[in-house]
Amino acid sequence: QVQLVESGGGLVQVGGSLRLSCAASGIMFRIYTMAWYRQAPGKQRELVASINSGESTNYADSAKGRFTISRDNAKNTVILQMNTLKPEDTAVYYCNAHFSSFSTDFWGKGTLVTVSS
């Protein structure tokens, strides 16, 4: 019954912005660490940003200064605001929910972001 549904992906120009959303259901959202991962063609899936239950954030070096992760516990939603996009940001972006006490992970199906050069 757990669902993570991403939205907001699309085609943007270099230097543009996108706002990705992930709507969660079936979990006690407020206690989960939420994260965005991405996977480009031929590449390993990598962590982009995370935010824990105390709203402490972590970012990949490539995302620092350009991306912002946030959460709205009342709406069971996590956001990734992406600015100054580069072609290297092109990937499928996945929403992740993690509960460390039980080593539990849930994943969305992904949303495609394409940054044109």
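For residues 38-70, no pair satisfies ring pair (Phe, Tyr, Trp, His ring centres under 6.0 Å), with sequence neighbours left out. Residue pairs that meet the side-chain hydrogen bond (donor to acceptor under 3.5 Å, both in side chains) test with at least one member in residues 107-117, sequence neighbours left out, do not exist here. Sorted by first and then second residue, the disulfide (SG to SG under 2.5 Å) pairs with a member in residues 7-44 read C22-C95; sequence neighbours excluded. Judged as a salt bridge (charged side-chain N to carboxylate O under 4.0 Å, His left out), not a single pair has a partner in residues 69-86 (not counting sequence neighbours).
In this structure, R45 has no side-chain hydrogen bond (donor to acceptor under 3.5 Å, both in side chains) partners at least two apart in sequence or on a different chain. Evaluation of the side-chain hydrogen bond (donor to acceptor under 3.5 Å, both in side chains) rule for Y93 yields R38 as partners, not counting sequence neighbours. K64 meets the salt bridge (charged side-chain N to carboxylate O under 4.0 Å, His left out) test with D61; sequence neighbours excluded. A search for ring-ring contact (aromatic ring centres under 6.0 Å, His included) contacts involving F99 returns Y32, F102, not counting sequence neighbours. Under the rule for a side chain to side chain contact (heavy atoms under 4.5 Å, CB included), A23 has no partner lying at least two apart in sequence or in another chain. With sequence neighbours left out, N58 forms a side-chain hydrogen bond (donor to acceptor under 3.5 Å, both in side chains) with no residue at all. Shown here are the salt bridge (charged side-chain N to carboxylate O under 4.0 Å, His left out) partners of R19, two or more places apart in sequence or in another chain: there are none. Legend: residues meeting side-chain hydrogen bond (donor to acceptor under 3.5 Å, both in side chains) with S17, ordered by chain and number and at least two apart, are N83.
F106 and I51 end up in the same hydrophobic cluster when Ile, Leu, Val, Met, Phe, Trp and Tyr side chains are linked at under 4.5 Å. Cluster membership check: V12 shares its hydrophobic cluster with M82, using side-chain heavy-atom separations under 4.5 Å among Ile, Leu, Val, Met, Phe, Trp and Tyr. When hydrophobic clusters are built by joining Ile, Leu, Val, Met, Phe, Trp and Tyr residues whose side-chain heavy atoms come closer than 4.5 Å, directly or via intermediates, L112 is not grouped with V14. Put simply, F29 and Y37 are part of two different groups of oily side chains (I, L, V, M, F, W, Y) that touch within less than 4.5 Å, one to the next. By the rule that hydrophobic residues join a cluster once side-chain heavy atoms approach within less than 4.5 Å of another member, V2 and Y94 end up as members of separate clusters.
Scanning all heavy atoms of the two residues, the minimum distance from A49 to L80 falls at CB-CD1, 4.2 Å. Nearest approach of L4 to A24, heavy atoms of both residues: CD2-CB, 3.4 Å. Of all heavy-atom pairs spanning S50 and L47, the tightest one is CB-CD1, 4.4 Å. In this structure, R66 and D89 approach most closely via the heavy-atom pair NH1-OD2, 2.8 Å. Listed here is the closest heavy atom pair of M34 and A97: SD-CB, 3.6 Å.
N76 contributes atom CG, which lies 7.0 Å from atom CD1 of I27 (distance to the nearest 0.5 angstrom). How far CD1 of I79 is from OG of S21: 3.0 Å, rounded to the nearest 0.5 Å.
Side-chain atoms of Q81 never come within 3.5 Å of backbone atoms of T68 as a donor-acceptor pair (strictly under, hydrogens ignored).
Applying the 6.0 Å contact sphere to CD of Q3 captures no more than 12 heavy atoms from other residues, nucleotides or ligands.
The shortest side-chain heavy-atom distance between V78 and I69 falls under the 4.5 Å cut-off.
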Show your working on side chain to side chain contact (heavy atoms under 4.5 Å, CB included) between V113 and L18 and close with a plain yes or no.
CA-CA 8 Å; V113 171; L18 279 177; 3.8 Å; yes
